[in-house]
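See structure below.
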Amino acid sequence: MRIPADMPLRASPSHHRGHHAGSAPTHDTAGGAAQSPVEPEEQTLALRPRPSSSTQVPPVRGPAQMNGHSSTMTQAANGPAATPRPLMLRAKSDFGPRRDELAETADDEVASSVDGDFKIRHGWETQLTSEEYNNLLTSSFFMYYTDKKHETGGNPREDEAHPLQEWRMRDRLKTVSAVLALCLNIGVDPPDIIKTNPCAKEECWIDPTNVATTNSGHTPMNQIGKALQSQYEQLSMRTRYKLCLDPTVDETRRYCSTLRRNARNERVLFHYNGHGVPKPTSSGEIWVFNRNYTQYIPISLYDLQSWIGAPSLFVYDCSDAGLIIANFNKFAEKHQTEYEEARLRDNTIEPQDFSDCIHLAACRERETLPTNPDLPADVFTSCLTDPIVMAVRFFILQNPLPSNISIQDASTIPGRVSERRTPAGELNWIFTAITDTIAWNSLSKPLFKKLFRQDLMVAALFRNFLLAQRIMRVYHCNPVCHPEIPQTHDHPLWKSWDLAVEMILAQLPDLYADQRGEKKYEYKHSEFFSEQLTAFEVYLGQGAVERKIPEQLPIVLQVLLSQVHRLRALILLSKFLDLGPWAVNLALSIGIFPYVLKLLQSQAVELKPVMVFIWARILAVDQSCQADLLKDNGYAYFISILAPSSGIPIVNASEHRAMCAFIVAMFCKDYQSGQRVSLSPELVESCLEHLTDKENPLLRQWSCLCLAKLWVNYADAKWTGIRCLAHQRLCELVLDPVSEVRAAMLYALTAFLGIPDVTAQVASIEESIASLVLTMTTDGNNMVRKELLVFFSTFVVRYKAKFIVAAFEQLSAEAEKERMHSASKNGDGLHQLNYRETSSGLDHSACSKDTVFSAIWLEVLTMTVDPHPEVARDASIVVDYILIALLESPLGSVAVPKLDEIKRRSGHRRTVHHRSREVAAEPKISTPPTPSKPDGYLSLMGIKRTASVAASLKNLWGGSESSTALNKTPALTRVSTELHRPPEEMDRLNTPTGSYDNSTEPKTRGFVPRNNSSEVKLPLKSKFYEWSVEYFREPQMKATEADEPGSTDYNSRLWRRNRNDKIIAETQPLKDVAGSSRWDRPKGFFNNGTQPKKMCFHQFEDHLIVTDNLDNVNVWDWQHQTRLNRFSNGNPQDSTISEVRLINEDDQALLMTGSSDGVIRIFRNYDSKSKVELVTAFRALTDLIPSNKNAGLVFDWQQGKGQVLVAGDVKVIRVWNAGSEICSADIPARSGSCITSLTSDQVEGEIFIAGYGDGAVRVFDQRIKSTNAMVKVWKEHKNWITNVQVQRGGQRELVSGCRSGEVKLWDIRMDQSIKTIEATKDTLRTLSVHEHAPVFATGTGRHQVKLFNINTATQLSSFEPYSSFLHQNRTAAINTTAFHPHRMMIAGAALHDTHINIFACQEEKAVVKTWEG
């Protein structure tokens, strides 16, 4: 709850828990001595990201910068000093004192103490002046039940937004052979070509007119052919090349057929240079020569296809080349038709797909190759096979500025293309990165994958083809290809290429001088890659929000080849992969995997953290990498890091070891080879040792899951675990403070079960495991209970026969109990007590008595009525499986009559004692559905609802028969007067019984009801591992959306914060006036439709929560008097909602309800009919004692500590921790009477007070050992305590009231009350205390609500709640009252009436000031 400062109105940018005293009148008992205030200095609050309650540590950060993304914000306030205002963090609770306000309040307190006024009660003024405690409060408060585990319920996402994409090249090809057909016919020009003078002459940079021919082997034709082959070898050394110089038709056919035969199904390259022959014909025929070189002979494309086959790669360097591609496809279709016809005749014919052929052509149809003398004649071939020289020459030709660089210098750049540290090598490296990036950004992803990742030769030629597009269009030629790609000549990255070329050309004179020895000069490397990494970093900081594909990703891939930039590139890559599965898919499709796989062979220590991070992201998306890790022993890289003795050069080494455990787990998942090579005692010991790492729950969780995946269906690994005592060390995590760890431990133990040979040793170990985890049935986290049921189901399948016996004996015991019940209807009920003494109800001679099988059977029965629908559903499947097995066993013939008898008897008793309840169309999930079995078994559903479950619950909420029987027991008989009885019991005697309303019962998100028609199968299938894997698919390096300034969630939270501040500022000045004004101004009146029982105002929203005497929750907008929502709490019959609270009110509140059956439920979106969901539900009290003084369940929520204090008809006060979702303490109640009310100090949260049915009020201190936690007891009240409440603000008054009408004020330091007020002579039905104003209200048994000033004990006013015209009852008792936490308002409702009345303080408008914030 937000508690404002009690001070003069001022604008404050941050409101935490204020608990401050204003001036107060003199009291009966003086307070403590005054203390000097500590003046807090101005400071900036550094807020860290919210640790999930599953981790309690900051989330995983990046591999290099793992220091989080905490930020600071300081906001000035009106005044002499700046007031710190924290960021709006999801997990940050504003439930703490404000430092500046605390200091001011402390000053006011000192001043008031000087004047003799009373200060804050109980000595709690030190809470306002302690600097150390103040800092603690502002740094460790969180919102609760908002983690992913509560939003998803432990169920993995079904509709993954970015499913795994196929990135591997399943159809990878190699160009194994190449035909280089050169038809130059040097010295003879073709008849259809008119050459200019001068014109382009060079072929492969050789001018055939200037070549000296000393012998026949060095003719210009041979030299050109060898040069072309050499240029192609730069692209692919493994391809076998066959020169075909001025070929004839027969030579062409022979070479093509031979290469296709040798290539089999691989790709063949056919390079055709037609500069010495006519243009292709209109039908696409290309020209060669006859044997005597006297004629040009055409070759049909149909014949060429037949010779060279498919798949093939064609390069056409001739005019009108586009004609060839167009006609080729026509002939390909003809070939396909003929093949299909032939296949019908002979199905042994090998298929050929000519549509898979790739074509590169120098120009379109009706275009002629350029003849510019500054260019080579084969400019297209030069672009494809020698791109660097061609690109540099083009740059020199296009450079308009004067320069000393000539076009000949393009061929003399120092260095080799294969050496990246040389100028030529660096240029080639940059060119590859740029063309790859242009293609990545311009082509569709499937086309990019086919052309740039399928075949190294094709990828190289297409990268160079982009250069040909850019160069040749300047000379009025437009290269074409098939498959067609878009024009890329104007891509912005070409400017980066021009800059890189210019920077190197500028150094050429100095480099030449250095080569000649004229001067010393060291080559200055290009900044291209460094600048591109910077651009990628900018993208990650801005553009990634919209999931825009990064342009620089292929460049990052190229940078990995450089040791200079490798670490930085890997760090940026890891940040990109952290964005989610869509980023991982992009990185894999670009070809990142071979690089990161190769880097696993590196021993560089600095690369280990980032490599672990990257591989964790990859395996979280794609599990198919297991074989790759196995191939080169890559898995050993991570197993070695997982060892505790290994050193990782990073602060958060535990988080990276958790990632290693995840990687090893994924490596072993469904992969026996991975399990075999991973198994070693060292790995098991490493995981077990990490279970003791208290600082990192993620490491503990994944150590358990790693062991689980190692053990699945692998007996040798399980025996290794036994030798390491793994099962015992895992069971030590039963009470781990993190629910994910507890669930992972159960997942591991489930995998541990199932060693094929069930020896005595194995059975003993497995039974001991089952007995140790049996206590987890009371775990507060539904995910843990679901995993426990998976364990139980596996255990049941393994020991099926023993569970059949346990179920039969339990059934027999229940049948005997029913018989005894029927035989002793006029008895004193002693048999009931006798049955309770033996919790299982089993005969002393039963085989299953005191065995783990009987205990598990009873617990599973109990879990069929678990308040969480998924747990109840799963438990019903296990129960049905056992009972079906029982009925199908030899014991079935004996069991069926017992089942029918139990149903008949218990059904009759329910008709007599229980009120009816409407049955919805769909069966309730909390009871197992009826399997399809014979009629004798069809009674099973009723049995489980009435007998089995009821017995196992041990009369959990005290059915009518139990209460009646116990009331007759002399030991429990007491004087029953109205003052000693709870209001509800007297109300039930006079209130007509109705039926439970069939309002919609909210379910958990993604809940799937059980399919009644499906077959019952065990073991249950766990979803926990898949849910856990999702952690590594979610961003961990950046703040959540709600923490990003400017986001919708952030702005909404900021608006709510300002709204809250405004409400506090407006209401605080009303406190003093409220203590002297009348409270009878009508503020609202509406009909709830059912009898109101409990009410609760939201601190800041206009919400009033009203529960009725059944199980309905109503949400009202009290400002507009409209009902926002109505839903069912899901209570069993004969139980009601006994408490209701709102938690996380500073942001988006959740609704917490407590029922008299011991169950606590939490709902989100409670004000929306369509969005309301069950967050979690658990049984907070498991041993409720039926009594004639039934208080049910009472609880108090402590937002500051995240604790729920739960008590009622039990002998203990149970402390449930919201963060860990386990019971952290059982504090003895120190009384035989029930607890009727709980209240606590909301600042430190250590002190709480309980009121009892016998009138006692006890004070407890949680800092003391549980057995000695009671530090004070007052027994001045002699009757049932109606309520006890300590103010959360104001003077922190502790007020209690009993049924006789006495209201007392207490100070926990005093042994007796400091004031007694006779509030009424009638029965005190309700007592409510305003959280900040010195006002309390009592509801009497005579239809009157009285309001008193706490300090003066004077009655301020009274009112009688209105009733409808037709149901006026001026004698009906008040049933419930509730103050608004901040506003001066009170709501009340009377018994036997469904209306709610709201009244406000009369002086409210007179004192409201304008808020200046």
One pair to check against side chain to side chain donor-acceptor pair (under 3.5 Å): Ser876 and Arg1010. What are the steps and the verdict? CA-CA 9 Å; Ser876 71; Arg1010 179 180 170 188; 3.1 Å; yes
Is there side-chain contact between [X] and [Y], with heavy atoms separated by less than 4.5 Å?
X	Y	result
Asp1108	Lys1093	no
Asp900	Val896	yes
Leu887	Leu899	yes
Thr1176	Asn781	no
Val734	Met776	yes
Val796	Ile882	yes
Met1152	Val1140	no
Glu1030	Pro156	yes

Any salt bridge (charged side-chain N to carboxylate O under 4.0 Å, His left out) involving residues 778-791? Give me the pairs, sequence neighbours left out, ordered by first then second residue. Arg742-Asp779, Arg785-Asp866, Lys786-Glu870
Is there any salt bridge (charged side-chain N to carboxylate O under 4.0 Å, His left out) pair reaching into residues 1014-1026, and which pairs are they, with sequence neighbours excluded? none
Tell me yes or no: between the side chains of [X] and [Y], is some donor less than 3.5 Å from an acceptor?
X	Y	answer
Arg1179	Thr778	no
Ser1224	Asn1217	no
Ser1155	Asn1131	yes
Asn1109	Thr1136	no
Glu1173	His150	no
Ser854	Lys849	no

Whether Trp1197 and Tyr145 hold their rings parallel, tilted or perpendicular, with breakpoints at 30° and 60°: tilted
Suppose we call two aromatic rings close when their centres sit under 6.0 Å apart. Are [X] and [Y] close by that rule?
X	Y	result
Phe795	Phe853	yes
Trp1216	Phe1178	yes
Trp857	Phe792	no

Check step by step if side chain to side chain donor-acceptor pair (under 3.5 Å) holds for Lys1094 and Ser1138. CA-CA 7 Å; Lys1094 294 290 182 180; Ser1138 54; over 6 Å; no
Give a yes or no on whether the backbone of Tyr1166 and the side-chain of Asn1125 come within a donor-acceptor separation of less than 3.5 Å. yes
With sequence neighbours excluded, residues passing side-chain hydrogen bond (donor to acceptor under 3.5 Å, both in side chains) with Thr1153: Asn1129
Tell me, please, which residues at least two apart from Asp874 pass side-chain hydrogen bond (donor to acceptor under 3.5 Å, both in side chains). none
If I compare all heavy atoms of Cys847 with all of Val805, which pair ends up nearest, and what's the gap? CB-CG1, 4.2 Å
Using the side-chain hydrogen bond (donor to acceptor under 3.5 Å, both in side chains) rule, collect all pairs that involve residues 764-774, keeping only residues at least two apart or in two chains. Glu766-Arg798, Glu766-Tyr799
Can you give me every donor-acceptor pair (side chain of residues 744-751, partner residue at least two apart or in another chain, under 3.5 Å) with its distance?
from, atom 1, to, atom 2, distance (Å)
Tyr747, OH, Lys709, NZ, 2.9
Thr750, OG1, Leu746, O, 2.8

Any chance you could measure His727, atom NE2, to Leu753, atom CG, to the nearest 0.5 Å? 11.5 Å
